[in-house]
Protein chains: 2
Amino acid sequence: MVTEAEASLPRERSPRHVSVKDVAAAAGVSVGTVSNVLNRPDKVLPSTLEHVLGVIDELGFVRNDAARQLRAGTSRSVGMVVLDVRNPFFTDVAQGVEARLGEQGRPLILANSGQDEARESTYLDLFEEQRVSGLLITPVGQVLPRLRRIRDRGTAVVIVDRRVGSREFSSVSVDDKLGGRLAAQHLVDVGRRRIAFVGGPRGLNQVKDRLAAAEMVASASRGVALRFVETATMDADAGRRAAEDLLKLDGRERPDAIFAANDLIALGVLQALTLARVRVPDDIAIVGYDDIDFAASAAIPITSVRQPREGMGQVAADLLLDVIADPARRVRHVVLEPELVVRRSTAG
Amino acid sequence: MVTEAEASLPRERSPRHVSVKDVAAAAGVSVGTVSNVLNRPDKVLPSTLEHVLGVIDELGFVRNDAARQLRAGTSRSVGMVVLDVRNPFFTDVAQGVEARLGEQGRPLILANSGQDEARESTYLDLFEEQRVSGLLITPVGQVLPRLRRIRDRGTAVVIVDRRVGSREFSSVSVDDKLGGRLAAQHLVDVGRRRIAFVGGPRGLNQVKDRLAAAEMVASASRGVALRFVETATMDADAGRRAAEDLLKLDGRERPDAIFAANDLIALGVLQALTLARVRVPDDIAIVGYDDIDFAASAAIPITSVRQPREGMGQVAADLLLDVIADPARRVRHVVLEPELVVRRSTAG
DNA sequence: ATTGGGCGTTGAAAGGTTTCAACTACGGAT
DNA sequence: ATCCGTAGTTGAAACCTTTCAACGCCCAAT
């Protein structure tokens with residue numbers, strides 16, 4: 001019975017893939033010619049071309065990229081490791097990269113380290129095994145030696161949104177010191193005296209630089225105190241929690257301004273403050289960083305330090321393409337300038 | 001002179017990659033053994049294992065994934081084509097997928113169709129050529145025949161956030177009719193009579209279903225009129241423009257409620273209304289769709305239809321893994337339920 | 001002393017594409 | 001009539017990994 005039932009099922013023919021060899025056989029030409037049809041159509045007699053294309057279509061032939069890469073030694077793809085795909089900042093940067101690479105017919109493979117060293121490392125493995133032709137990375141952990149080895153094996157590497165290993169790798173970044181200064185100075189200018197910087201982890205250069213610049217501004221302004229509230233991550237949730245902690249401080253300790261290391265944190269902070277009926281900006285002003293689209297449409301539109309996100313992506317792609325084209329090329333660092341966008345969260 | 005200069009340059013040794021063969025030679029074993037070290041370490045004498053691993057490390061050997069895939073016939077990766085990476089809804093779904101796939105050590109390759117048929121098609125080509133083991137897609141164009149062929153060649157396919165080709169492909173979706181009904185009924189319940197549905201393009205099933213359900217609610221409620229404002233895309237910009245158009249209508253024509261097909265549109269609408277000093281919800285109420293995190297933190301927190309985003313991603317991954325494991329598996333459709341989250345944009 | 005079985009290792013084959021030197025045919029030049 | 005050059009095509013080699021039948025060796029059992 002069982003046998004009968006099975007027998008009555010339509011026999012699935014094994015879905016083996018059609019290869020150039022099959023196409024060649026069916027078309028009555030050599031594999032070399034099929035390959036020429038695919039890669040150098042001008043070298044093929046028009047009639048042959050047409051015929052082979054017909055067979056390809058009929059048989060449903062699809063190039064096997066693995067074999068192609070194996071032969072070529074490297075893939076055309078570019079790998080990109082970002083800190084957090086859910087942060088629009090990074091998807092905007094990626095968008096810029098993708099746009100530029102797309103012009104060259106190079107696919108972008110996006111991977112999300114989630115600020116986790118282990119995942120970062122896993123994805124680097126993956127990209128190496130895939131022999132991507134280039135690698136864009138915003139490093140989390142101590143990956144410099146690793147990147148060096150990758151580069152030595154012939155893969156182009158460009159650092160995005162950071163400037164580490166300056167002697168060895170080209171990079172695009174935005175001047176975080178300037179950004180930090182702009183934000184802090186603005187808060188001081190609108191009369192704030194007790195500023196809390198919320199962000200982290202401390203190890204991140206971005207955090208470090210923005211904080212350092214803010215500290216300089218604070219110490220240069222009489223009567224201004226700055227405290228650092230470290231967070232483990234840079235998302236809205238971290239912002240909410242940090243704000244709740246700050247609200248536990250009473251009167252004289254409580255800050256009158258919060259400088260968030262990015263807009264997601266700022267949004268979280270804003271939510272927590274609103275929930276606690278703290279008035280923004282009257283009681284506490286907020287400055288964010290990145291100027292993601294959502295900052296402008298927040299409950300209280302958030303003052304933010306705008307970074308040229310897509311532009312950064314494009315520059316990153318350009319630098320990488322240069323290195324791919326000529327690995328010996330001199331290391332370059334492009335530093336873009338951020339810009340303060342004042343909105344209601346600090347107005348007043 | 002030129003020659004001298006060149007000669008004096010440090011001779012770049014070509015960065016050829018180290019292969020198993022090289023490792024084998026250096027370790028004094030056969031390639032088979034090296035492969036065993038990598039894939040079946042338990043079959044190898046501990047002393048050999050250690051020695052070979054040492055050589056691997058020393059030589060900086062990195063597996064060539066292309067060769068590996070070529071042999072295996074298929075890659076472990078899963079490809080996913082989303083409509084818009086910049087929409088947090090999709091990155092949240094992708095996050096869910098990635099989490100589940102990650103448990104199985106399968107990388108997820110994300111591609112962005114941007115609601116463009118040509119790009120969708122390009123990425124399908126890419127994924128096919130890469131022989132991904134599975135494909136998750138939220139289709140834009142008429143890709144059904146295409147997907148059928150891909151499936152017939154042995155690639156698992158699962159439809160995400162849609163339910164097309166029900167007989168042939170498993171799918172996860174959220175009940176858009178229900179969502180549309182919830183939103184529209186809510187607007188009617190709070191006393192709105194002239195509802196504008198903003199979204200598009202019309203061809204999208206999601207749009208179609210949500211709209212159809214809203215129309216049913218409208219026609220079942222006396223004195224309620226519904227108009228459809230079609231947009232080309234589903235982003236904030238489209239929302240802004242649609243709202244500007246709606247504001248050109250005078251008094252009696254002007255809607256007192258807007259049902260946006262997603263939250264990005266809703267945010268755009270909100271911005272345009274705010275700019276035009278239209279009071280929300282007093283003059284015009286807004287309902288969004290998706291309940292992305294940013295809906296809650298908008299200037300006026302937006303009432304929205306919540307979709308289980310990560311959950312959907314996980315279900316999608318599960319369905320896909322099932323099909324990969326057993327291609328003959330019966331087609332299944334998981335339909336999740338949305339839920340209305342009421343906030344200030346409709347309160348009153 | 002011989003056989004059988006296990007363990008660890010070997011080496012060749014397979015997988016699909018691209019490249020390139022070599023070949024064929026043919027028209028034009030000598 | 002012969003040679004040359006060109007355009008089009010061929011087929012083998014190379015890319016690197018994995019698999020698997022076969023092999024050698026040693027110990028245990030007969």
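Keep in mind that this is a model prediction, so the values were computed, not measured. Chain A is the first sequence line, chain B the second, and so forth, proteins listed ahead of strands; every chain is numbered from 1.
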5'-most by nearest nucleotide on DNA chain C - B/K43 or B/A67: B/K43
Looking only at side-chain N and O atoms, does [X] come under 4.0 Å of OP1 or OP2 in [N]?
{"X": "B/S19", "N": "D/dC16", "value": "no"}
{"X": "B/N39", "N": "D/dT18", "value": "yes"}
{"X": "A/T33", "N": "D/dT10", "value": "yes"}
{"X": "B/R63", "N": "D/dT18", "value": "yes"}

Among [options], which nucleotide has an atom closest to any side-chain atom of [X]?
{"X": "A/V31", "options": "C/dT18, D/dT18, C/dG15", "result": "C/dT18"}
{"X": "A/L38", "options": "D/dT9, C/dT17, C/dT18", "result": "C/dT18"}
{"X": "B/S35", "options": "D/dT18, D/dT9, C/dT17", "result": "D/dT18"}
{"X": "B/L45", "options": "C/dG8, D/dT10, C/dT18", "result": "C/dG8"}
{"X": "A/V29", "options": "D/dT10, D/dC16, C/dT17", "result": "D/dT10"}

Kindly say whether [Y] contributes a backbone atom to a donor-acceptor pair with the side chain of [X] at under 3.5 angstrom?
{"X": "B/T155", "Y": "B/G134", "value": "no"}
{"X": "A/Q69", "Y": "B/A66", "value": "no"}
{"X": "B/T138", "Y": "B/V160", "value": "yes"}
{"X": "B/N112", "Y": "B/V85", "value": "yes"}

Starting from [atom2] on [N], measure out to [atom1] on [X] and report it in whole angstrom.
{"X": "A/Q69", "N": "D/dT17", "atom1": "CD", "atom2": "C1'", "answer": "14 Å"}
{"X": "B/N36", "N": "D/dT19", "atom1": "CG", "atom2": "C1'", "answer": "9 Å"}
{"X": "B/R68", "N": "D/dT17", "atom1": "CZ", "atom2": "P", "answer": "10 Å"}
{"X": "B/R40", "N": "C/dG8", "atom1": "CZ", "atom2": "P", "answer": "14 Å"}
{"X": "B/L70", "N": "D/dT18", "atom1": "CG", "atom2": "P", "answer": "11 Å"}
{"X": "A/N64", "N": "C/dT18", "atom1": "CG", "atom2": "P", "answer": "10 Å"}
{"X": "B/D22", "N": "D/dC16", "atom1": "CG", "atom2": "P", "answer": "8 Å"}
{"X": "A/L49", "N": "D/dT9", "atom1": "CG", "atom2": "C1'", "answer": "14 Å"}

Residues [X], [Y]: salt bridge by 4.0 Å N-O rule:
{"X": "B/R119", "Y": "A/E98", "result": "yes"}
{"X": "A/R146", "Y": "A/D125", "result": "yes"}
{"X": "A/R76", "Y": "B/E129", "result": "no"}
{"X": "B/D65", "Y": "A/R131", "result": "no"}

Can you say whether a donor on the side chain of B/R71 sits under 3.5 Å from an acceptor on the base of D/dT18, or the other way round? yes
Counting any heavy atom closer than 4.0 Å, what does B/V44 reach on the DNA or RNA strands: base, sugar-phosphate only, or nothing? sugar-phosphate
Look at all strands and tell whether A/G32 reaches a base, only sugar-phosphate, or nothing, counting heavy atoms closer than 4.0 Å. base
Hey, what bend do you get for the helix from C/dA1-D/dT30 to C/dT30-D/dA1 if you fit axes on five pairs at each end, rounded to 10°? 60°
